[in-house]
Amino acid sequence: MIYIDNLKFYEYYGYAAHMISDVSVDDLHRFAKENNIHRRFYHSSRKHPHYDIIAENYNRAIKGGAKVVTSKEIIRILRNARC
């Protein structure tokens, strides 16, 4: 499953969210590619691999099937993820 948290304001990006997978990094990349989200937004942190989703990609990710969760849920999911 792909998850995304709510948009928040960040100085560097403006409004952005985090997108993760609880299945695998490959699943995350596949979803991003299918929804035209550029790889430059990927952060390869070993513990917390994710995409930063800027406002213009947010609705695209949701329409593509990403489930909206809270930021706290993102952390919980990452801690329990298989990837």
Side-chain angles (χ1 to χ4, degrees):
M1 170 67 74
I2 301 295
Y3 300 90
I4 191 168
D5 61 2
N6 292 308
L7 288 170
K8 292 182 185 173
F9 184 78
Y10 295 91
E11 191 170 321
Y12 181 74
Y13 286 126
Y15 285 92
H18 302 98
M19 185 174 75
I20 64 165
S21 171
D22 65 349
V23 176
S24 69
V25 173
D26 289 337
D27 182 54
L28 183 60
H29 290 313
R30 179 198 50 75
F31 182 89
K33 185 175 183 178
E34 288 174 358
N35 290 282
N36 297 315
I37 298 168
H38 197 278
R39 184 85 172 238
R40 74 175 178 254
F41 295 112
Y42 177 67
H43 292 264
S44 62
S45 166
R46 193 174 125 258
K47 286 186 175 183
H48 307 295
H50 69 280
Y51 276 78
D52 286 335
I53 301 298
I54 58 175
E56 70 184 59
N57 292 332
Y58 189 76
N59 288 333
R60 187 180 312 147
I62 293 170
K63 286 179 184 176
K67 181 179 177 182
V68 179
V69 297
T70 66
S71 297
K72 286 183 180 182
E73 288 175 294
I74 288 278
I75 298 300
R76 182 188 55 76
I77 293 164
L78 283 168
R79 285 184 182 152
N80 296 321
R82 293 172 271 180
C83 53

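Taking a 6.0 Å sphere around OH of Tyr10, one finds it holds more than 12 heavy atoms contributed by other residues, nucleotides or ligands.
For Tyr51 and His29, the ring centers are positioned less than 6.0 Å apart.
Pro49 and Tyr42 get closest at one heavy-atom pair: CB-OH, 3.4 Å. Looking at every heavy atom in both residues, Asn6 comes nearest to Ala17 through O-CB, 3.9 Å. Taking every heavy atom of both residues into account, Asn36 and Asn57 meet most closely at O-OD1, 4.4 Å.
Asn59 CG to Glu56 CD: the interatomic distance, rounded to the nearest 0.5 Å, is 11.0 Å. Once rounded to the nearest 0.5 Å, the distance linking CD1 of Ile75 with CD1 of Ile20 reads 8.0 Å. Expressed to the nearest 0.5 Å, how far NE2 of His48 lies from NE2 of His43 amounts to 13.0 Å.
Residues Ser21 and Arg30 have side chains not in contact (no heavy-atom distance under 4.5 Å, counting atoms from C-beta outward). A 4.5 Å side-chain heavy-atom check between His18 and Ile53 finds every atom pair outside the cut-off.
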Decide side chain to side chain contact (heavy atoms under 4.5 Å, CB included) for Ile74 and Tyr3; before the verdict, give the C-alpha distance in whole Å, the side-chain angles of both, and the deciding distance to 0.1 Å. CA-CA 7 Å; Ile74 288 278; Tyr3 300 90; 4.1 Å; yes
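Residues Val68 and Met19 share a hydrophobic cluster, clusters being chains of Ile/Leu/Val/Met/Phe/Trp/Tyr side chains in contact below 4.5 Å.
Panel note: side chain Asp22, backbone Met1; a donor-acceptor pair is recorded below 3.5 Å. In this structure a side-chain-to-backbone donor-acceptor pair under 3.5 Å is present from His38 to Arg40. Looking at Asn80, its side chain does come within 3.5 Å of a backbone N or O of Arg76 through a donor-acceptor pair.
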